[in-house]
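The first residue of the sequence shown is numbered 1, and numbering continues consecutively from there. Side chains are part of it too, since the values below use all heavy atoms of this structure and drop only hydrogens, waters and symmetry mates. What you see is a predicted model; the values in this text were computed from it and never measured. Indexing begins at 1, ligand by ligand and atom by atom, following the structure's order.
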Amino acid sequence: MAKQLQAIRGMNDILPEQTPVWSWLEDNVRHILSRYGYREIRVPIVEYTNLFARGIGEHTDIVEKEMYTFSDRNDDSLTLRPEATACCVRAGLQHGLFHNQTHRLWTAGPMFRYERPQKGRYRQFHQVSVETFGMSGPDIDAELILMTWALWKKLGLDKHVTLQLNSLGQPESRKKYREALVAYLEQHKDALDADSQKRMYTNPLRVLDSKSESTQKVLENAPLLHEYLDDESRDHFERICAILDKAGVAYEVNQRLVRGLDYYNRTVFEWVTSALGAQGTVCAGGRYDGLIEQLGGKPNVACGFAMGMERLVLLLEACDLVPESVRTHVDVALVTFGDVEAYSMVLAERIREQCPEIRLLVNCGGGSFKGQMKRADRSGAEIALIIGEDEMRDDKVTVKSLRSDEPQVTCSFEELVAEDGRVGRLIK
Ligand code: ATP
Ligand code: MG
């Protein structure tokens, strides 16, 4: 027998059992975004490779080793997007969105990174990515954080995530810090892990992020980023903190928080949970004022974040926060016996027309009455409608409760869909 076909490692099917949770999460995200006035933008999942090389930074993990890059038939180098920020900036530049305008945008969909697959880390994963353009004040940075906080509250996640916050300053002040950091790291080079010894020269701030214990020990006495902050960045940071304080959003200032992408300046933040093991960051972002210019546009400011949807789904499940009603997909199941095919199909249509909110599943393909009832029960439906030859002759329906011991009744279509009828009552 031929070998079973398999999906690519780290690329997951999301099965019908799981999709309701995804849809529920996505609906909540979309609802919050619309309440803050954010608009959707959709961008391709494949771009020219140089967009990411230039946008994300040559010496980042993503560009150095995680991209899915290939040549197309025209020998152009293309890449499956590893993130969406660079794509949104490219789209904004191409369509002139940045001329004297502000934008609050979001986009959602799959991202691709060649990483070692493990829980919470996949090669195809999904992000909701939120990008704002043209607003330089700390108010928009704070709005992004308040908006995510509102989402966590709506989902019941507010007790399960904490906010880490930092400022990276402006490129000039960061450069001075970088020099001080490299000078310090050079003195302790032997105690650093191999990766950090390499990164120290290519992307020294990433050393702060190292998971190695010996490197972390060295970092205990390293120069602190905030000692090098320029006054304006310090003011910007303090004003964000003031808004969060006033709003009652708790945060931890973490001076070692740097992000894996080069384009950030000033604000960076992460929402982190301890419930998912090593893959604890569910949402991360910050300010990227230099990116538009870096990609060839006129200088313009920007700020945004991305949420990892797989990690949020895992967290919602782990914390048991998904309402049971989310998982049901049927309210009413219709089962038949005898020669009533046309009658029952048309009756189902009449019910759907009369009660557009009701989700009605018709048993197709026959089967024993017992088998049909079993399937009706498994569907999660509240009630079963039973149509036999007697019902057809009298133009009636028999209703059986599947979730309570309310007695079985036989009634007319009008009685069934009336406000207090057995189907009518299910309309929320
Ligand atoms: P990490 O430190 O976990 O590798 P990152 O800094 O690479 O994350 P970003 O590029 O900022 O992550 O992406 C934002 C969010 O997308 C992350 O916080 C995470 O929730 C999610 N994410 C990133 N990479 C993956 C992945 N390979 N699989 C699943 N989710 C991911
Ligand atoms: Mg990563």
Query raised in the report: In this structure, which one of Arg123, His126, Met309, Gln127 forms a side chain to side chain contact (heavy atoms under 4.5 Å, CB included) with Met111?
Result: Gln127
Requested in this report: Report yes or no: does a heavy atom of Gln127 sit under 4.0 Å from some atom of ligand 1?
Outcome: yes
Query raised in the report: Out of Glu83, Arg113, Met307, whose heavy atom is nearest to atom 10 (O) of ligand 1?
Result: Arg113
Requested in this report: Identify whether the distance between the nearest side-chain nitrogen and carboxylate oxygen of Arg266 and Glu232 falls below 4.0 Å.
Outcome: yes
Query raised in the report: Can you list the atoms of ligand 1 that are under 4.0 Å from a heavy atom of Val282?
Result: 20 (O)
Query raised in the report: Any nitrogen or oxygen of Glu310, main chain or side chain, under 3.5 Å from a nitrogen or oxygen of ligand 1?
Result: no
Query raised in the report: Nearest heavy atom to atom 31 (C) of ligand 1: which of Phe112, Tyr264, Phe125 does it belong to?
Result: Phe125
Query raised in the report: Charged N to carboxylate O below 4.0 Å: is that the case for Glu47 and Arg54?
Result: no
Query raised in the report: Are any of the side-chain nitrogens in Arg199 or Asp61 under 4.0 Å away from the carboxylate oxygens of its partner?
Result: yes
Query raised in the report: Which atoms of ligand 1 have any heavy atom of Ala306 under 4.0 Å away?
Result: 14 (C), 15 (C)
Query - For atom 3 (O) of ligand 1, the option (of Gln279, Arg311, His126, Met309) bearing the nearest heavy atom - result: Arg311
Query - From Ile41, Thr85, Leu144, residue fulfilling side chain to side chain contact (heavy atoms under 4.5 Å, CB included) relative to Glu131 - result: Thr85
Query raised in the report: Any ion pair linking Glu179 and Lys176 (charged N to carboxylate O, less than 4.0 Å)?
Result: no
